[in-house]
Amino acid sequence: MSYPECLEKVVKQIEPSPEEREKIGQLADKVWVLVQQSIGEIIGDETVKAEYHGSYRHDTWLRGKADLDLFVLFSKRYALEEMSQLVKKVAHSVAENLNAYVEERYASHPYYTLVLPDGQEVELVPAYRVSSSQEVTTPVDRTQLHTEYLERVLSEKPRLKAEIRLFKKLLMNLDIYGAEQSVHGFSGYLAEILVTYFGGLENLLLAAANWRPGRIFIPPSPEARKLFQGQPIVVIDPVDHKRNAAASVSQEALSKLILIGKLFSENKDIMCCLLDPPNLRVTLEELVSVLNSYDVLVAMAAKYPKLPEDALLAKLQRIARKSSSAMESYGFRVLRTHVTKINGSPAILFFFEHMVQSPIYLHMGPPVWHPNSVEFVKKWASRHLAPIIIEGRVAVLRKRIPLDPRDYLLKALKSYPGFSWEINKLRDIVSYLPQEYYVEVYRWVTGVENWTMCIQ
């Protein structure tokens, strides 16, 4: 099947079925009633109301991925802390009636997730009721305005709901869907406004093929260029012209979408594969064979601070970057890093160019005009490798005492309080990993991703 006929098939696969719509709808109504009752009992203020917002309200959610975001809206007479504590009480009260449990999570401020016995989640988000961007106090307040905007646009062009679903599915397959710190990708709202702005997925991708990071302003305006200089992509929020709705998007995520746009502009049929890519299967033997060809260390956190999962993953990514730089200073080149969880414990994978250091390294001294330059030269003049001058600084080539890179990596990681680490060669522990990690590790080491398997 070729493009665009294949899109109809994919839409049928990702659009919620009538049965799922009914099931989720009944659950959403039940939770809303319980929340409203609990608001009356705990808060006793008729002005406090619960409303659904987000993809469920917009009808742009994907099959099996119903995001039930129930906002509890307060007037400004409530303090932020008071508002959060009241919603916390409401969440626990409702959870008892649903045989669910409550998880406290954080974005701009705490929100509360009801986790039902079947795994379905409902988020209770405290926010202030607003009617314009000028009234916004917390970032989540703006969501009401997003709903108003999208309901208006999508009521005029309902066909765009399918296009939005297709774009979200594409972003998921590219692993760049989500604004979380650990992803730095495209949020659901950003996906929605991009599709509505360009009038469909095809127009969006053809435009993306010509994008260059740092030069993308949607819509183009001199004010946006002044206000958001240096950001990879700027998408002005239709409900708040002082906000970049794409602020979370990293240059890496953006670059991946640009490349997909270029591939699509050359061959539109590739979209059929990108939206429904083949499933990679990897055996232990295949994974061991790959790892025997490369140098990969895994640092598993035996102890780590209790943080929300997204915040923990973001912290591990920072640790990975800084530790890689430290390893460079020790003479080891780290080509890539990857943050994951192995058997429930956070882990960082380090892909080395090689695990053998150069036998010599350059030790830089002070500038020649510095008072200590003569002392440096005298110290090293009688050694086997005499001092040299590089760009106005004295320096010497020193012999290195080779040590196990695991010792250096542990030294680099020890500087982070609250963590303790176990360092191993990945090839030595791969046979102990659960099978579900085989594909993830294989993909990361080899660079194979869903979209790369579609390139002919």
Side-chain angles (χ1 to χ4, degrees), residues 175 182-184 250-253 255-256 280 282-304 312-343 345-364 395 397-417 419-449 452:
D175 292 325
S182 55
V183 180
H184 286 295
S250 67
Q251 183 160 319
E252 181 180 354
S255 299
K256 189 178 285 188
L280 179 66
V282 178
T283 65
L284 177 59
E285 291 72 21
E286 290 171 326
L287 182 56
V288 169
S289 177
V290 166
L291 291 176
N292 283 336
S293 302
Y294 302 107
D295 292 323
V296 181
L297 290 182
V298 54
M300 293 188 63
K303 178 185 175 185
Y304 53 93
L312 177 61
L313 291 176
K315 185 174 183 65
L316 289 168
Q317 288 174 341
R318 293 192 294 271
I319 291 174
R321 288 193 296 270
K322 291 181 179 180
S323 298
S324 295
S325 297
M327 294 302 287
E328 296 270 354
S329 69
Y330 298 143
F332 298 97
R333 187 180 178 198
V334 179
L335 301 176
R336 300 179 71 196
T337 61
H338 178 60
V339 171
T340 184
K341 277 194 168 184
I342 297 177
N343 293 333
S345 296
I348 307 174
L349 306 185
F350 295 84
F351 193 144
F352 287 81
E353 184 176 55
H354 49 72
M355 288 194 190
V356 179
Q357 296 165 296
S358 168
I360 59 174
Y361 68 100
L362 185 64
H363 175 55
M364 298 298 294
L397 292 169
R398 297 181 60 180
K399 289 186 177 181
R400 192 190 305 274
I401 301 174
L403 292 174
D404 192 319
R406 287 174 288 190
D407 296 331
Y408 283 104
L409 183 55
L410 190 57
K411 178 181 177 182
L413 290 169
K414 277 185 175 178
S415 61
Y416 299 99
F419 289 89
S420 64
W421 304 89
E422 295 177 359
I423 314 293
N424 292 283
K425 291 182 178 179
L426 187 55
R427 69 171 69 103
D428 292 340
I429 68 165
V430 68
S431 60
Y432 301 104
L433 297 181
Q435 192 170 356
E436 59 263 28
Y437 289 104
Y438 294 175
V439 170
E440 179 187 352
V441 173
Y442 183 91
R443 284 187 184 279
W444 176 74
V445 172
T446 62
V448 171
E449 294 186 35
T452 63

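All values derive from a computational prediction rather than experimental measurement.
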Atom NZ in K341, atom CG in L312: separation rounded to 0.5 Å?
-> 6.5 Å
With a cut-off of 6.0 Å (strictly less than), are more than 12 heavy atoms of other residues, nucleotides or ligands near CZ of R336?
-> yes
Non-hydrogen atoms of S345 and M300 that approach each other most closely | CB-CE, 4.3 Å
More than 12 foreign heavy atoms under 6.0 Å from CD of E252: is that the case here?
-> no
Interatomic spacing from CD1 in I429 to CG in L291 - rounded to 0.5 Å | 9.5 Å
Closest approach of A326 to S329 (non-hydrogen atoms, all atoms of both residues) = O-OG, 2.5 Å
For the student: nearest non-hydrogen atoms of M355 and V296, plus distance = CE-N, 3.6 Å
First locate atom CD1 of I342, then atom CG of L349, and finally report the distance between them rounded to the nearest 0.5 Å.
-> 5.5 Å
Pairwise distance CH2(W421) to OH(Y416) - rounded to 0.5 angstrom | 9.0 Å
Over all heavy atoms of both residues, which pair between A301 and F419 is shortest? Give the atoms and the distance, please.
-> CB-CD2, 4.3 Å
Without swapping roles, check the side chain of Q317 against the backbone of S182 for a donor-acceptor pair under 3.5 Å.
-> yes
Using 4.0 Å as the upper bound for N to carboxylate O, is an ion pair formed by R427 and D295?
-> yes
Can you name the closest pair of heavy atoms from R400 and G331 and give their distance?
-> NH2-CA, 3.9 Å
Counting N and O atoms only, with roles assigned by atom type, does the side chain of Q357 sit under 3.5 Å from a partner on the main chain of Y330, one being a donor and the other an acceptor?
-> yes
Would you check, one step at a time, whether the test side-chain contact (heavy atoms from CB on, under 4.5 Å) holds for K425 with L297?
-> CA-CA 4 Å; K425 291 182 178 179; L297 290 182; 3.7 Å; yes
Any chance CD of Q251 has more than 12 other-residue heavy atoms, nucleotides or ligands included, within less than 6.0 Å?
-> no
Please tell me if the side chains of K414 and K411 come closer than 4.5 Å, counting only heavy atoms from C-beta onward.
-> no
Judged by atom type as modelled, is there a donor-acceptor pair below 3.5 Å linking the side chain of S323 to the main-chain atoms of L413?
-> no
Say whether, by atom type as modelled, one donor and one acceptor occur between the side chain of S289 and the main chain of E285 under 3.5 angstrom.
-> no
About how many Å separate CD of E328 and OG of S325, when rounded to the nearest 0.5 Å?
-> 7.0 Å
With no hydrogens and no angle check, is any side-chain donor or acceptor of Y442 less than 3.5 Å from a backbone partner on L284?
-> no
Inter-residue atom distance I348.CD1 - R321.CZ, 0.5 Å rounding | 10.5 Å
Could you label the plane-to-plane angle of the F352 and F332 rings as parallel, tilted or perpendicular, counting under 30° as parallel and over 60° as perpendicular?
-> perpendicular
Should the heavy atoms of other residues, nucleotides or ligands under 6.0 Å from CD of E436 be counted, would the total exceed 12?
-> yes
Closest approach of A299 and I423, non-hydrogen atoms and distance?
-> CB-CD1, 3.5 Å
Taking the side chain from Y438 and the backbone from V430, do they hold a donor-acceptor pair closer than 3.5 Å?
-> no
side-chain contact (heavy atoms from CB on, under 4.5 Å) between R443 and E440: does it pass, once the steps are laid out?
-> CA-CA 5 Å; R443 284 187 184 279; E440 179 187 352; 6.0 Å; no
